[in-house]
There are 2 protein chains.
Amino acid sequence: MRERDARMALCCTVEPATIDITRQVQQQGAEAIWQGLVQPSSRSRWARRAQAFDLADMQAATDRLRLRFIVPGDDEWPAALGDLSGCEPVNDMGGAPFGLWVRGAVPLAEAVERSVAVVGSRACTAYGQSVTTDLAAGLGAHGVTVVSGGAYGIDAAAHAGALAAEAVTVAVMAGGLDQPYPSGNSGLLQRVAAAGVLASELPPFEKPTRVRFLGRNRLIAALTPATVLVEAALRSGARNTVSWATSCNRVVLAVPGPVHSATSATPHRLIREAEAVLCSGVDDVLEVIEPLGRSQASRPSQQRPLDDLSTEELAVFEALPARRPMPTGEVSLRAGVPLGACLGVLDQLGERGLVALHADGWRLARAPSARSVPRTGD
Amino acid sequence: MRERDARMALCCTVEPATIDITRQVQQQGAEAIWQGLVQPSSRSRWARRAQAFDLADMQAATDRLRLRFIVPGDDEWPAALGDLSGCEPVNDMGGAPFGLWVRGAVPLAEAVERSVAVVGSRACTAYGQSVTTDLAAGLGAHGVTVVSGGAYGIDAAAHAGALAAEAVTVAVMAGGLDQPYPSGNSGLLQRVAAAGVLASELPPFEKPTRVRFLGRNRLIAALTPATVLVEAALRSGARNTVSWATSCNRVVLAVPGPVHSATSATPHRLIREAEAVLCSGVDDVLEVIEPLGRSQASRPSQQRPLDDLSTEELAVFEALPARRPMPTGEVSLRAGVPLGACLGVLDQLGERGLVALHADGWRLARAPSARSVPRTGD
């Protein structure tokens, strides 16, 4: 059997991320491992499935469903998935996928070249949904592909935001691509396929299971240089994607939220424990994936006119009342600055347009909002 | 003039945190510096104020207003303020206060022995207000004094939360204690004095100014081992308190919030840049001020029944359908676990109450909520 066919056979036989098999395939190649599994004398837990596998059937189904089956070395195969071979296992799972079924308008490798994973809770809040949509649309507008899992909640908002920006988005599924899961997202997932890519290491007709979601999460994490977690309760499955991202040396970002919100508990804990970088918007993501990018430069300067005053200048400025004029001598006394120095400072402040000399004394010339209320805790 | 009187005189003459004077006083004592200032030949910017100072008047006013004037070495003087002598200047300001006017039911040193500063924006949101009230009440319930600045917004919520827990709270003011500032908080500040302490390095009859708020912020930061910033826009004055806390080697915590909220911008930036630890509640604060405290132990375990299953056990568990029974052979095939091993695993799962054997096959015995929907992004 050819290596490519052996990889398809393994995908149909061995549950995703079964670490002993993925390691053996990495060392010996898929063909050798498949030959071992399929032998009548095989004592592997996968032997019965292997014996039941029909290559021609699966190839026909793949073609009939207009899916592409891709393997390492194909143009469309994302090199980043190779990193999974070297990652620490998560929950005793790990390793690169043997192959992937894909459907979509864009080659997968091209789609994820500039990409970020955006994941989170199915049971998200309206806050999480709006933050995710904005973030994904913003990333899309910067030409960054959003990768997610096609689920309800944060995943759906991530894909929808990217699509709204007419950007490429990738949904990695935990079941076969014959039928989109969950069915309530079938319209959204059709649009994902039309503008981007659907991908799965499960063959058609296979249903998602808990184990398969865990394995799928490792693909989302590995395909992208950074994973953004938007909302997740303490026991959320989205935490698992973060574990994979950490294990693969990907950057993890987390979006904070109201501290009363249970769905912000995991982002807050990750940030607090320095496993994630705080993400408050698109710039924070771009900064991570493009360290020398434009995001820094686009931040507006927040300098105010009073910020570069010396303490003495500030004291003189402060001595002036908000609404009435004041003679130089009184300014000097109130500011605690000797008369001669005080005059010099007032002149400088005048040159900067902060104060003005009138017939009845010195007056504030501008910045009333900074003066009208003393700045205390604000 | 006695050292204590010289310190009172300096408080009445020199603006708070004037760094050259605070340094000179630290090196040579208050009396020597005062003598220099008050001489007719003095060329200091403070000379005119010094010459106008009347000690007896100020002492009489202090007594009449039932204030206490305290200086280093007094029982009531908090030793923590001494740290300000060694801190890096902030905005060219710094140094320990010469003395403090205090009013209240509790000696200041005792009040701040176990304390946390809670500060933030005057223009806070309802979210910030509720988080602050809860946090301060929770800290109060743990016997932690909340120190703040008596301003509108977060400060007021901090004092009010502490008072609601019948705890001690300290308001450090930027003007004289003759008249509470802001006047809208006068009722609150009276309650602070009744249950805790009002303190200021400004003498009675002095009004707050921008410079005095900056100087006051250093006292809030220095009096406590940790400062919690709840809400602050990018140009907020509360950021200045954080700078002081950092300069004094105090721990800074910041409360996250919705990323769309302008008042969460500074907390988020501080957390992102690792200048502040994320604070999502009382436990996070207690953990910082009581490293071996009870907060860790009080966190409930979030363990779930499925969490300690091996991959094989999970595969078998997952193979069982949600609502119908399944014969052992079919479970074995679906799970990819050989029949003998599968029976053993099913028995173990049965002992743990997760599955049960019925006449028509194996059924899930519990945890329907974990099963009914495959766990994807949630």
Side-chain angles (χ1 to χ4, degrees), chain A residues 14-15 45-46 48-49 91-93 119-123 127 131 148-149 151-155 174 208-211 213 234-238 255-260 264-265 268 271-272 274 277-278 280-281 284 302 304 310-312 314-315 318 332-333 336-338 341 374-378, chain B residues 14-15 18 43 45-49 91-93 119-123 127 131 148-149 151-155 174 208-211 213 234-238 255-260 264-265 268 271-272 277-278 280-281 284 302 304 310-311 314-315 318 333 336-338 341 374-378:
Chain A
V14 178
E15 287 293 325
R45 57 187 285 219
W46 310 109
R48 282 177 65 183
R49 283 191 186 178
N91 298 124
D92 298 325
M93 295 168 69
V119 299
S121 181
R122 283 185 302 115
Y127 165 71
V131 171
S148 194
Y152 294 128
I154 298 300
D155 285 19
T209 64
R210 189 183 171 93
V211 169
F213 282 117
L234 281 182
R235 294 305 316 177
S236 165
V255 175
V259 295
H260 297 132
S264 287
H268 289 164
I271 294 166
R272 183 170 159 82
V277 177
L278 187 145
S280 55
D284 289 340
Q302 297 286 339
R304 277 208 202 181
S310 70
T311 310
E312 191 172 58
L314 198 54
E318 287 289 335
S332 161
L333 190 60
V337 174
R375 296 180 65 76
T376 159
D378 179 44
Chain B
V14 178
E15 286 293 325
T18 300
R43 298 181 58 83
R45 58 188 284 219
W46 311 108
R48 282 177 65 182
R49 283 192 188 177
N91 298 125
D92 297 326
M93 298 169 68
V119 299
S121 180
R122 283 185 301 114
Y127 165 72
V131 171
S148 193
Y152 294 128
I154 298 300
D155 286 19
T209 64
R210 188 182 171 92
V211 169
F213 282 117
L234 281 183
R235 294 306 313 178
S236 165
V255 175
V259 295
H260 298 133
S264 288
H268 289 165
I271 294 166
R272 183 171 159 81
V277 176
L278 185 145
S280 55
D284 289 341
Q302 298 285 338
R304 276 208 204 180
S310 70
T311 310
L314 199 54
E318 288 289 336
L333 189 61
V337 175
R375 295 181 66 76
T376 159
D378 178 41

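Only heavy atoms go into these numbers, but all of them, side chains included; no hydrogens, no water, no symmetry mates. All figures in this text were calculated on a predicted structure; none of them were measured in a lab. First the proteins, then the strands, lettered A, B, ... as listed; each starts at 1.
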task = Verify, without hydrogens or angle tests, whether A:Arg272 (side chain) and B:Leu278 (backbone) share a donor-acceptor contact under 3.5 angstrom.
result = yes

inquiry  = Between A:Glu318 (side chain only) and B:Arg210 (backbone N and O only), is there a donor and an acceptor less than 3.5 Å apart?
reply    = yes

Decide yes or no for [X] and [Y]: does some side-chain heavy atom of the first lie under 4.5 Å from some side-chain heavy atom of the second?
X	Y	value
B:Asn91	A:Thr311	no
A:Ile271	B:Pro256	no
B:Ser310	A:Asp92	no

note = Scored by heavy-atom pairs under 4.5 Å with chain A, the best of B:Gly336, B:Ser280, B:Gly281 is B:Gly336

task = Below 4.5 Å from any heavy atom of chain B, which atoms of A:Val337 appear? Answer side chain, backbone, both or neither.
result = both

inquiry  = With a 4.5 angstrom heavy-atom cut-off, is it the side chain or the backbone of A:Leu333 that approaches chain B, or both, or neither?
reply    = both

note = Highest number of heavy-atom pairs under 4.5 Å with chain B among A:Val255, A:Ile154, A:Val131 belongs to A:Val131

key: By salt bridge (Lys or Arg N to Asp or Glu O under 4.0 Å) - contacts of B:Arg48 (at least two apart)   = none

inquiry  = So, using side chain to side chain contact (heavy atoms under 4.5 Å, CB included) as the criterion, who are the partners of B:Ala47 when residues are at least two apart?
reply    = B:Ser42, B:Gln51

ask   = How many angstroms lie between atom CE of A:Met93 and atom CG of B:Leu314, to the nearest 0.5 angstrom?
value = 8.5 Å

